[in-house]
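In what follows, a single structure is set out as structure tokens and then discussed.
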Protein chains: 2
Amino acid sequence: MTTRQSQPGSRSKGRVTLSDVARMSGVSAMTVSRALNEPQRVSEQVRERVEQAIDALGYIPNRAARSLAGNRSHTIAVVIPSVSNAVFNNVIRGIYDVCAPAGYEMLMGNTYYSVQQESSLISKFLTHHPDGMIVTGLDMADSTRRQLEAAAIPLVQIMEVGTSAPLDMSVGISHSDAGAAMARYMLERGYKRIGVLGAQMDYRSQRRIQGFIDVLAEAGLADDKRVLTTAEPSTVRLGGQLLADLLLANPDLDAVFCCNDDLAYGAIYECQRRHIRVPQQLAIAGFNDLEGSACINPSLTSIQTPLYDIGKTAAQMLMRRLAGEVLQQSVVDLGFRLQARDSA
Amino acid sequence: MTTRQSQPGSRSKGRVTLSDVARMSGVSAMTVSRALNEPQRVSEQVRERVEQAIDALGYIPNRAARSLAGNRSHTIAVVIPSVSNAVFNNVIRGIYDVCAPAGYEMLMGNTYYSVQQESSLISKFLTHHPDGMIVTGLDMADSTRRQLEAAAIPLVQIMEVGTSAPLDMSVGISHSDAGAAMARYMLERGYKRIGVLGAQMDYRSQRRIQGFIDVLAEAGLADDKRVLTTAEPSTVRLGGQLLADLLLANPDLDAVFCCNDDLAYGAIYECQRRHIRVPQQLAIAGFNDLEGSACINPSLTSIQTPLYDIGKTAAQMLMRRLAGEVLQQSVVDLGFRLQARDSA
DNA sequence: CGGCACCATGTTAGCGCTAAAATACTATTT
DNA sequence: AAATAGTATTTTAGCGCTAACATGGTGCCG
């Protein structure tokens with residue numbers, strides 16, 4: 001049980017540095033640096049000797065030193081509500097697929113749907129001096145807004161567009177339009193007594209539901225008693241519970257819009273337990289179209305959002321800006337698709 | 001559309017630094033540094049003046065400079081297969097809840113269940129010179145093993161224990177014991193023709209299945225034809241498909257063990273579509289006991305693993321080692337619990 | 001064959017911070 | 001009042017790397 005450490009928090013010594021590699025390969029430190037970062041700018045033979053020395057010494061570059069000297073961190077900070085939300089996995093993959101090949105690292109953090117957590121996370125991230133940043137949503141604390149403005153780095157706000165102007169750039173969809181589309185679909189199908197379930201009521205869920213309700217209101221079918229929301233995190237269990245509560249107050253419902261698919265799964269399970277036939281007795285729809293939504297019985301009608309493309313586009317915009325380009329379109333709406341299935 | 005950048009990749013100037021704060025508050029840079037990192041070591045009045053100056057100037061510390069000067073990154077690297085796997089969310093929360101209060105940042109990355117990806121990810125992470133590292137699983141490439149040994153930082157290998165000695169420390173459960181426990185449970189319940197479904201066959205899934213099969217073999221009930229595995233990623237859809245394939249070759253099955261809950265969901269859905277009653281005609285069990293497993297119909301029998309505690313314990317061991325402590329117990333088995341429900 | 005362009009490489013200086021040593025200042029003791 | 005111990009603060013020196021400039025060598029033109 002050795003201590004496996006060489007004096008943390010003291011002046012190092014003993015660690016292999018660029019100069020060690022330089023000495024071993026008989027060139028200057030600067031040349032080794034170039035061999036690593038711009039290999040095309042050094043001769044073939046030097047590159048080989050440097051590579052051999054790196055292997056022989058087990059050299060590991062020090063990013064802190066690189067960032068400090070280069071005044072550039074090669075890092076993109078990504079702020080999302082929660083990695084445990086399957087929705088963001090695809091977004092993250094999209095970002096990753098652009099950032100990694102471009103030599104950028106991703107610094108990722110969760111706000112857990114809290115504005116305070118978002119603020120402190122962004123403050124923390126700014127100490128890394130990221131070269132760019134991707135943040136979920138258009139709403140944020142004023143102090144955070146000011147910090148981001150002061151940081152003066154390219155910023156993309158993702159997931160939604162349209163509610164207000166972004167601080168810098170934005171990519172997403174209109175959640176109120178998506179909610180409205182689902183409402184119109186349900187009206188077309190002839191549903192009259194339509195309920196709404198919401199949890200984890202972040203701004204985007206609120207807008208989905210608002211868009212949905214506005215359309216119902218136009219048709220004269222809105223009813224506050226049929227809307228049940230909670231700030232609790234969305235879970236499958238909660239979906240069942242909320243549906244039970246909603247049916248207690250409104251036994252005559254013929255359709256329910258759930259503001260995300262997890263709630264919808266719970267609602268479907270609850271119907272199964274109560275022997276309520278979906279969609280014949282009660283139609284159910286979700287939002288996000290997760291992987292399992294096509295498999296559940298009955299398969300779930302949902303709104304498919306271009307998650308991967310949101311991430312990819314956001315990262316691409318960042319990369320272009322980091323390359324010095326000036327973008328004419330700073331707001332990109334990628335649209336959505338209503339995926340009609342058996343449940344509604 | 002301003003460029004929002006002050007010459008990236010050139011010598012900075014213009015950014016607010018410690019010395020700016022020092023000048024404004026009339027003390028030396030070192031005192032400001034202490035006011036930030038060891039506030040109890042500076043006088044009350046100095047601390048206040050420094051805080052005012054920081055606010056006034058909008059000073060943001062530079063972590064790269066801190067890491068370089070302090071020879072310590074205040075960062076823990078965490079290597080997991082996939083954030084999109086719900087299993088790891090709880091582990092991550094456990095790690096976070098220990099690291100954040102202790103002032104450590106988490107650097108998180110996915111291997112996507114590939115040894116090569118793991119190798120390159122760990123190499124990349126080592127350039128950050130993390131103060132400690134948490135890696136999933138006991139198996140890794142030899143080159144990676146050597147790199148980690150050379151890095152000489154505290155390391156915890158999580159999720160499984162028992163198959164081999166850890167490089168440094170480990171926390172987890174025995175997956176073969178858990179598989180065996182499930183097999184014994186099924187035998188007790190009188191099932192005779194038991195099938196096995198596996199996907200995303202990482203080492204831990206393999207061990208679960210091996211443990212399961214070994215017990216069946218002891219009872220003389222093992223049959224290779226009843227085991228169906230694939231390297232494809234686990235999805236709900238895949239669970240249904242695999243069950244369909246398995247039933248085609250073995251129409252007489254009376255129980256199926258799925259190596260994770262997602263597959264089990266898909267299997268249950270498939271049974272619903274085929275009007276196979278679970279568990280009367282076919283019993284189904286999963287592994288991990290995800291949130292939805294208690295809600296699905298019928299509720300899913302599964303193995304509950306102490307995910308949060310694995311993360312928490314791993315991080316605590318790391319913190320203690322970083323504080324210079326020598327741990328006598330470097331391998332911790334946190335055990336599991338068979339959660340019996342309606343599906344088996 | 002001198003002059004110029006172009007490339008590969010080297011030199012110098014410094015990024016923003018903190019460890020360690022040095023110094024000033026304040027009790028407390030003798 | 002001098003010696004001692006302790007605390008608060010400053011000074012010095014670099015952490016490992018790269019931007020910017022300097023240099024030396026090569027080929028190519030008129």
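No experiment lies behind these values; they were computed from the predicted model shown. Computed over heavy atoms, backbone and side chain alike; hydrogens, waters and symmetry mates excluded. We name chains A, B, ... by the order of the sequence lines, and we start the count at 1 in each one.
Of the candidate nucleotides dC17(D), dC17(C), dG10(C), dC17(D) has the atom nearest to the side chain of Leu18(A). Of the candidates dG14(C), dT11(C), dT9(D), dT9(D) carries the atom nearest the Val42(B) side chain, counting heavy atoms from C-beta on. Nearest to the side chain of Val27(A), among dG16(C), dG10(C), dT18(D), sits dG10(C). The Arg41(A) side chain lies nearest to dT9(C) when the options are dT9(C), dC17(D), dC17(C). For Ala69(B), taking side-chain heavy atoms from C-beta onward, the closest of the listed nucleotides dC17(D), dG14(D), dT9(C) is dG14(D). Comparing dC15(D), dC17(C), dT9(D) by their closest approach to the side chain of Leu68(B) singles out dC15(D). Here dC17(C) is the nucleotide among dT10(D), dC17(D), dC17(C) with the atom lying nearest to any side-chain atom of Asn62(B).
Distance, Gln45(B) CD to dT7(D) P: 18 Å, rounded to whole Å. At whole-Å resolution of the value, CZ in Arg23(A) and C1' in dG10(C) are 16 Å apart. Between the P atom of dG16(D) and the NE2 atom of His74(A) lies a distance of 18 Å, rounded to the nearest Å. For Ile60(B) and dG16(C), the CD1 to P distance is 13 Å, given to the nearest whole Å. Rounded to whole Å, the distance from CZ on Arg66(A) to P on dA19(D) is 9 Å. dA8(D) atom P lies 12 Å from atom CD of Glu38(B), rounded to whole Å. Distance Arg63(A) CZ to dC15(D) P: 21 Å, rounded to the nearest Å. Protein atom CZ of Arg15(A) is 10 Å distant from nucleotide atom C1' of dG16(D), rounded to whole Å.
Screening Asp142(A), Thr144(A), Thr111(A) for a side-chain hydrogen bond (donor to acceptor under 3.5 Å, both in side chains) involving Ser119(A) leaves a single residue, Thr144(A).
Taking 4.0 angstrom as the limit, Thr31(B) places a side-chain polar atom (N or O) nearer than this to OP1 or OP2 of dT10(D). Between Asn71(A) and dT18(D) there is no side-chain N or O to OP1 or OP2 distance below 4.0 Å.
At a cut-off of 3.5 angstrom, counting only N and O atoms as typed in the model, there is a donor on one side and an acceptor on the other between the side-chain of Arg34(A) and the base of dG10(C).
In this structure, Ser28(A) reaches the bases: a heavy-atom distance under 4.0 Å links it to at least one base atom across the strands shown. Contacts of Ser43(B) with the nucleic acid, taken as non-hydrogen atoms under 4.0 Å apart, involve only primed sugar atoms and P, OP1 or OP2.
Side-chain N or O atoms of Asn62(B) include one that pairs as donor or acceptor with a backbone N or O of Ala64(B) at under 3.5 Å. Side-chain N or O atoms of Asp202(B) include none that pairs as donor or acceptor with a backbone N or O of Tyr113(B) at under 3.5 Å.
Arg321(A) has a carboxylate O that lies under 4.0 Å from a charged side-chain N of Asp168(A), or vice versa, which qualifies the two as a salt bridge. Salt bridge annotation for Lys312(B)-Asp309(B): absent, with no cationic side-chain nitrogen under 4.0 angstrom from a carboxylate oxygen.
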